[in-house]
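Below is one structure, written out as structure tokens; the observations come after it.
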Amino acid sequence: MSERDFYLSPTGNMYRLMRDSYYGDGGYRGAYLIPHKRETEQNYRDRQQTAYYLNHFSLIVNALVNPIFKRRPLRDWTGTASPVAEAFLEDVDGAGNDMDSFMQAAALSAKLYGAVFIVVENFQAMELPASMGEALAQRKFPYAYTLDPDRVEGVSIDKNGRVLSIKFRDTAVTSTMGDDKERTVYFDTRRWAVYENGQMVSSGDHNLGEVPVVWFPSQHVKNGELNPTPELYPIAGIACSLYNHCSWLTEILRNQTFPLLTFPSKEASDLIIGNNNALCYDGDTVRFQPGFISPPSDPAALIQSQIKNMVEEMYRISGLTFSTTTKQEASGISRQWEFERTNQRLSAFAKRCAAAEKKILALVAKWMGLELEYTATYSNDFGITDVATELKNAQAVLDMQLTNKVKVEVAKQVLTAYVPELPADRFDAIIADIEKQETEPAYNEPPQPPQPAEPPEPPEPKDEEKPPEE
């Protein structure tokens, strides 16, 4: 099967099409072009050289992922694993990426491929330091990475959808001989194993009682369906068709747009047609005057109209037409309803991000044999943030004189809206100070108004001294 047939056949790699449509490479370098009937190989290669890709697909995907991470999620944790959790959130994968960056990349992959697996691994026992301080200083605690679906070779689940085992291709390793080895990793609920070129090179027990992977889908799917069709797969198909339409339009513009000079000549023999020469024909120069001829513009106009319709259809299917401008502007109420549907879609995906993050931290605590209570709260409203309105609403809640715990939660929302780039340690310090103020009586009791000074008591009258008797 040729490269082009591989990309476009029903049994081809749909995950590769999704990836190429987002990044604009791979098959969009020519393999996705469909050749015309009776088209010469040279003409097909020329079209591949001049083809271009209007990448609306990446804009649509980003519009359905990036708003979730516009505001930093609120995270809170307690337990004996708190030091590890704090260090893990700052460096999730061992490469310096914090939890915000890691989850945004994982959410992008889930939106592209329908679902991904997040693996939480730990170093082998022989590599672990003796103390917690050394483990934190040397970055010797669990780490996470994302598995794209085409790297997974096999998964087994129970009737409830819980993963019982997984086998996937790891990154290739280079031996001392200089040749690459195909590496495969296996996990089940009790043990792990690593294979190189089909031979087991290491194995052991992890004693977690579960497979250390988190399944992260982008939308609700049927129970047991671990590799769902990506929700944006139809839009990727339109993007591929758009790529071909742009090639057809370019071909027309190159070959037919420029008018040709026609010139009567008695010496005309060969007819060489081009926009940089004249078309000579046998004719009387007296009866026929030089002039220009040009093909009709209808085919190009038709393709341009179809390109515009396909672009609008991509945004309509994804529910983002409120972000485009069309001739027939929708009413304000209609656009508001459409944005509300998109807002609900983003909110549902944000909840899945929070659930996946919570499961990741639970596995980290299990690897360390420690306890951890962890919560992550993502934003559920993705409209344009009006700081003044946020502060006004927060003040209205505070004026209701609710409990001190509610006041602390309001303070968190205010800080997130007003100073979204506040570092996590500074955020926690401010919240801790507010909690202290709300719990200590000295802060809660209102100051007493100054009392007026009491007038001094008049002195007691003294008895008049009687003169001494003679």
Side-chain angles (χ1 to χ4, degrees), residues 15 19 22-23 61-62 65-66 68-69 72-73 75 77 81-113 115-129 132 134-152 163 166-174 183-187 192 194 202 204 206 208 210-218 349-350 352-370 372 374 376 378 423-425:
Y15 300 122
R19 179 196 174 279
Y22 181 81
Y23 292 103
V61 175
N62 292 338
V65 174
N66 291 347
I68 297 175
F69 300 91
R72 174 173 293 181
R75 300 182 173 96
W77 59 90
S82 293
V84 179
E86 183 175 0
F88 179 82
L89 292 175
E90 294 297 325
D91 186 2
V92 176
D93 54 2
N97 294 311
D98 61 8
M99 181 58 78
D100 289 341
S101 301
F102 178 83
M103 285 304 301
Q104 186 168 2
L108 174 62
S109 297
K111 187 63 70 173
L112 279 179
Y113 305 129
V116 293
F117 286 98
I118 300 176
V119 183
V120 182
E121 279 196 37
N122 197 12
F123 296 89
Q124 297 188 26
M126 64 185 68
E127 300 176 319
L128 296 177
M132 177 69 72
E134 293 177 348
L136 297 177
Q138 302 175 17
R139 185 49 182 94
K140 293 294 184 178
F141 51 84
Y143 54 93
Y145 55 90
T146 303
L147 279 181
D148 294 341
D150 53 358
R151 289 177 54 189
V152 178
V163 178
I166 186 171
K167 186 177 183 181
F168 57 89
R169 296 192 308 275
D170 201 359
T171 54
V173 295
T174 304
R183 187 177 183 184
T184 306
V185 180
Y186 171 83
F187 279 104
W192 59 270
V194 177
S202 59
H206 52 69
L208 298 178
E210 62 177 309
V211 181
V213 297
V214 176
W215 185 60
F216 181 22
S218 65
F349 191 33
R352 298 186 182 280
C353 292
E357 185 175 327
K358 184 177 181 179
K359 293 177 182 178
I360 292 172
L361 268 295
L363 286 173
V364 171
K366 274 194 172 184
W367 274 114
M368 302 299 294
L370 302 173
L372 182 68
Y374 183 86
Y378 282 68
D425 53 350

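This structure is a prediction, so every number in the text was calculated from the model and none was measured.
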Step-by-step side chain to side chain contact (heavy atoms under 4.5 Å, CB included) determination, Phe187 to Val163: CA-CA 10 Å; Phe187 279 104; Val163 178; over 6 Å; no

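- Ala365 is linked by a side chain to side chain contact (heavy atoms under 4.5 Å, CB included) to Ala81, Leu372, counting only residues two or more places apart in sequence or in another chain.
- Within 6.0 Å of CD in Glu121 there are more than 12 heavy atoms belonging to other residues, nucleotides or ligands.
- Side chains of Phe123 and Leu128 form a contact here, defined as non-hydrogen atoms less than 4.5 Å apart.
- Note that CZ of Phe69 is 9.5 Å distant from CG of Leu108, once rounded to the nearest 0.5 Å.
- Going from atom CE of Met99 over to atom CG of Asp93 covers 10.0 Å, rounded to the nearest 0.5 Å.
- No side-chain donor-acceptor contact under 3.5 Å links Arg75 to the backbone of Ala376.
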Evaluate the criterion side chain to side chain contact (heavy atoms under 4.5 Å, CB included) for residue pair Gln104 and Asn66; output intermediate values, then yes/no. CA-CA 7 Å; Gln104 186 168 2; Asn66 291 347; 3.0 Å; yes

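- Listed by chain and number, the residues in a side-chain hydrogen bond (donor to acceptor under 3.5 Å, both in side chains) with Gln138 amount to none (sequence neighbours excluded).
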Please report the C-alpha distance between Gln124 and Trp192 in whole Å, then the side-chain angles of each, then the deciding distance to 0.1 Å, and finally whether the side chain to side chain contact (heavy atoms under 4.5 Å, CB included) criterion is met. CA-CA 11 Å; Gln124 297 188 26; Trp192 59 270; 3.8 Å; yes

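- A donor-acceptor pair under 3.5 Å links the side-chain atoms of Arg139 to the main chain of Phe141, judged by distance alone.
- Nearest heavy-atom pair across Leu136 and Ala87 is CD2-CB, 3.9 Å.
- Of the options Val119, Asp170, Leu147, Ile166, a side chain to side chain contact (heavy atoms under 4.5 Å, CB included) to Val185 is made by Asp170 and by none of the others.
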Can you check side chain to side chain contact (heavy atoms under 4.5 Å, CB included) on Phe117 and Arg151, steps first, answer last? CA-CA 10 Å; Phe117 286 98; Arg151 289 177 54 189; over 6 Å; no

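- A side-chain donor-acceptor contact under 3.5 Å links Tyr22 and Asn62.
- Residues that satisfy the side-chain hydrogen bond (donor to acceptor under 3.5 Å, both in side chains) test with Asp148, not counting sequence neighbours, are absent from this structure.
- How far CZ of Phe88 is from OH of Tyr374: 9.0 Å, rounded to the nearest 0.5 Å.
- Under the 3.5 Å distance criterion, the side-chain polar atoms of Asp98 are left unmatched by any main-chain donor or acceptor of Glu90.
- Counting non-hydrogen atoms of other residues, nucleotides and ligands closer than 6.0 Å to NZ of Lys359 gives a total of 12 or fewer.
- Under a 3.5 Å cut-off, the side chain of Trp367 and the backbone N or O of Val120 do form a donor-acceptor pair.
- Residues Ile68 and Pro73 fail the side-chain proximity criterion, which asks for heavy atoms closer than 4.5 Å.
- Of all heavy-atom pairs spanning Ala144 and Ile118, the tightest one is CB-CG2, 4.3 Å.
- The CD atom of Glu134 lies 11.5 Å from the NZ atom of Lys140; values are rounded to the nearest 0.5 Å.
- The two atoms that bring His206 and Glu210 nearest to each other are CE1-O, 3.4 Å, heavy atoms only.
- Of all the heavy atoms in Arg352 and Pro217, the pair that sits closest is CD-O, 3.4 Å.
- Across all their heavy atoms, Gly96 and Asp91 have their closest contact at N-OD1, 2.9 Å.
- Ser101 and Asn97 get closest at one heavy-atom pair: CB-CB, 4.4 Å.
- In this structure, Arg19 contributes its side chain and Tyr113 its backbone to no donor-acceptor pair below 3.5 Å.
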